[in-house]
Each structure stands twice: as C-alpha cells, then as structure tokens.
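Chain letters run A, B, ... following the sequence lines, proteins first, then strands; residues in each count from 1. Since this is a predicted model, take the numbers as computed values, not measurements.
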Protein chains: 2
Amino acid sequence: MTDLYFDFLCPYAWRGVELAEVLRAEGEPFRLRHYSLVEGNHADNAAELTWRLTEQPHGEGTLYQQGSLRAFLASHAAAQQGEEAHWAFTLALYRAVHEAKGTLDETAIQAAAESAGLGLERFAADLADDQSRRADLRAELDAAREVGVFGTPTFVLPSGEAAYYRFETLTRDLNTAREWWALYRTVLTSSAEIGTIKRAKNRPPRKGGQV
Amino acid sequence: MTDLYFDFLCPYAWRGVELAEVLRAEGEPFRLRHYSLVEGNHADNAAELTWRLTEQPHGEGTLYQQGSLRAFLASHAAAQQGEEAHWAFTLALYRAVHEAKGTLDETAIQAAAESAGLGLERFAADLADDQSRRADLRAELDAAREVGVFGTPTFVLPSGEAAYYRFETLTRDLNTAREWWALYRTVLTSSAEIGTIKRAKNRPPRKGGQV
C-alpha cells in the first residue's frame, strides 16, 4: 500500500491522484491521505507547530484556508461511505477545480458529492459532525508530519521511502502511468541514494501540449 | 557538452564531479563551471542581486566565503593550463576537502595544485592576476544566473534541460555511474515533465555504507 498525500489546492497533487487512479485499475494499491499546504507553509509554524488548520473556525482566514479546510472535512465525510466513494469524491472535486477551473468552495463540494454518487443525506450528516471530521483530519496531518511531508503530491512507498513528485503533464493512459511510476520508484530506490532532482528555475519553453 | 555547475564547499557537487570524471573516461563530455552557494544564498540577494562574491576583498567575511572565493579563483588559474589540468586540480582539491576532510584554505589549494601536477610558477602568476580571475569567475556566475542554478551540482544537458542532482553515495565504478547518469537524464526528458523529485524530510535510516 502506497500512501498518497494531497491537498485539493494543488494541481500537481491532482495529477498525482489521477496517476494513482490509473494504476489502481490494475491492482496497485494507494491510500488517499491529506496534507495541508496552508498549515505546512504557515509563517507561524516556521520554528515549531503553533497554527493548526484543524483549530480554525469556518469562514475565517484566506479563501485558500477556508476552501481547503472545508474540502478536507468533506473528503473525510465522503470516506465514511467507503474507499471507492472516497476516490470518486476526490477525483470529482479535483476535476471541478483543476480541470474545469472552478472555485474550491461549498458549491463545488456539493456538486462533487452528487457526481460521485454519494448518499447525500449521509454525506450531509457526516459533514455536520464537524468535531469528528476535524479529529480525522488532525490525525492525518500529524501522520504527514511524522513522515516529513512538505509538499503535494508526496508518495510513501510500502518500503518507507517517501518523496514529493511534481510533474506537469496529466495522463490517464495506463502505459504512460506505469512508466512514470516506475521512474519515480527507481529514483527513490537507486543505489545513488538520490535526495533531490529539481529543475533549475529558468526552464526552457515547453515543447507542446498535454498528453 | 554538459555543463556541470559546482562549488568546492558542497559534498554533493563533489560526488557529481567524480561521476562526471568517470563518464569522461568513455567520452561523455562535461565542462566544469562554478556556482557560488555563498552568493546564491546571501540574504542581501533575496529580492535582487546586490552582493557579489567577486567584489569581496580577500580575507573578509565567513570562512566559507573566503575559502570558496579563493578556491574559485585558483580553479580559474588552474584552467589557464588547460582542461585536463583544470579537472586534475578540481578533483585534487575536492578530495582533500571532502574525502580527507581537510579545510578549504590556501594550504589545501597549494597542495592540490602540486598533486595535480600544475606548473606551479605559472599557477602562482595566474592566481596573482586577481582582476582577470575575478572577471572569469564573474562571467560564470552570471551564466549560472541565466540558467537559474540554485544549488550544486547542477547539470545543464546539451538539450538545455537543467537540474540540481543531489545524491548521497560516491561511485567511481563505470557501470554504476552510467546507470545513475541515465536515470537523471530520463527524469529530465520524461514526458511527465518532472519538475521535482525530493525526499520527505524524515528519511528512514540509511541501510549501509558507501559504494
């Protein structure tokens, strides 16, 4: 089982979740896990953790903060209906925000719940149980901190190797997904003990469109 | 021709230069180029470039600053004796500092010049031409800035793809070096358009020693 840490705010994580969705179809298991970029990058947390997303009231802070908190809690509410429901909700919300370029807000969350085929009454009830969903989220953010997650997507392999994997191109093609996943795993398990491969800032222009 | 940006301060760059040295033996061409971590990470340069290593007097600033400036200028002095002399000096100085755990100072620089078989009188004369060596260095640091180098080693492939490549294990074995270099190039040229693969901070313990 590979853990996949993601934040709904992040287009790279979206592509990571789509990659995992393709690979799941042939039996490679992934577990969806949340990591908060707003909490992780918060200035108050530079020295030690003092600002927690899970302690923030709804309707306060930046729109990124409000949208990501609400989306995480809704994602946990969807997960109450099982793993497949959780994947369907996660993909629907990601596509609404990063493919259809919508806003990460309550409307998008409700639309994603519908298009994912969730039981809507139960979803509403589970989401209304705010304290339980915040507890779910807080436990996951604590787990991310243990791993040392700093960005999304981060994959944690069954062997314990964990890394941020940022790529620009979306694929839903099985062979392409296999190839990109194999490359990532090869980097993490190479005898070179690679810590980082990161492009220089001034990249040459992109050669073409999306796959 | 692949450009290899390095700083004598950096053990990752040392391993990168050793990797390139192995690959040069079978005809893969690399060009040694300097990048200053002290200048790149200087607080005064956060918004725009205002602090330049090449404008600092000898004997001022931190020991890192003094040592790296002197080593860069010495490296340019060695380069006046040709490409092979430059590689020999660079490797000798790197090994003295990062393998034999010496200090990056004038003594180490003179010893490296000797063990590299440089013409010592000419080396001294070229190093004494401080203004010319500073001009050489400044031009290179400007070139690094154009590429967007932010750490070492950074390799710039003939195709223009450029990235920081940080790995923990030293190799001087040809097949291993080939494999690690092929993996790096595959990441940079993958259709995924990978921007970053970077391990999470809390790595599992290393399994063993050096290759």
Side-chain angles (χ1 to χ4, degrees), chain A residues 3 5 12 15-16 19 35 40 144-151 153-157 159-171 173 175-177 179-208 210-211, chain B residues 3 5 12 15-16 19 35 40 144-151 153-157 159-171 173 175-177 179-208 210-211:
Chain A
D3 281 348
Y5 283 94
Y12 300 100
R15 290 188 280 269
L19 186 80
Y35 170 77
R145 202 169 302 110
E146 281 294 306
V147 173
V149 176
F150 62 87
T154 287
F155 295 92
V156 185
L157 303 182
S159 56
E161 304 284 356
Y164 174 57
Y165 185 21
R166 173 174 170 154
F167 52 94
E168 300 275 353
T169 313
L170 174 68
T171 190
D173 173 71
N175 285 330
T176 305
E179 186 187 304
W180 296 356
W181 184 240
L183 179 56
Y184 172 77
R185 286 194 301 196
T186 302
V187 169
L188 291 206
T189 56
S190 162
S191 60
E193 297 186 279
I194 297 164
T196 308
I197 298 179
K198 182 175 179 179
R199 275 186 213 269
K201 293 166 200 158
N202 306 330
R203 297 187 54 186
R206 293 183 55 176
K207 290 184 203 81
Q210 308 275 323
V211 168
Chain B
D3 281 348
Y5 283 94
Y12 299 100
R15 290 188 279 269
L19 187 79
Y35 170 76
R145 204 170 299 110
E146 282 294 305
V147 173
V149 176
F150 61 87
T154 287
F155 295 93
V156 186
L157 302 183
S159 57
E161 305 285 355
Y164 173 56
Y165 185 19
R166 174 174 169 154
F167 52 94
E168 300 276 354
T169 313
L170 173 69
T171 190
D173 173 71
N175 285 329
T176 305
E179 186 187 304
W180 296 356
W181 184 239
L183 179 57
Y184 172 79
R185 285 195 301 197
T186 302
V187 168
L188 290 206
T189 56
S190 163
S191 60
E193 298 186 278
I194 297 164
T196 308
I197 297 179
K198 182 175 179 179
R199 276 186 212 268
K201 292 166 204 158
N202 305 331
R203 297 186 57 186
R206 293 183 59 176
K207 287 181 206 83
Q210 307 274 327
V211 168

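Of all the heavy atoms in B/Phe150 and A/Arg199, the pair that sits closest is CE2-O, 3.4 Å. For the pair A/Ile197 and B/Tyr165, the tightest heavy-atom approach, listed with the atom from each and the gap, is CG1-CD1, 3.7 Å. Considering all non-hydrogen atoms of both residues, B/Ala200 and A/Gly148 come closest at CB-O, 3.4 Å. Nearest heavy atom pair, residue B/Ser191 against residue A/Trp180, reads OG-NE1, 3.0 Å.
Under a 3.5 Å cut-off, the side chain of A/Thr196 and the backbone N or O of B/Arg166 do not form any donor-acceptor pair.
With sequence neighbours left out, B/Thr186 forms a side chain to side chain contact (heavy atoms under 4.5 Å, CB included) with A/Leu183. With sequence neighbours excluded, the residues that form a side chain to side chain contact (heavy atoms under 4.5 Å, CB included) with B/Ala144 are B/Tyr5, B/Tyr35, B/Val149.
At a 4.5 Å heavy-atom cutoff, the contact between B/Leu188 and chain A is made by backbone and side-chain atoms alike.
To the nearest 0.5 angstrom, A/Leu170 atom CG is 11.5 Å from B/Glu193 atom CD.
Considering only heavy-atom pairs separated by less than 4.5 Å from chain B, the leading option among A/Phe155, A/Tyr184, A/Tyr164 is A/Tyr164.
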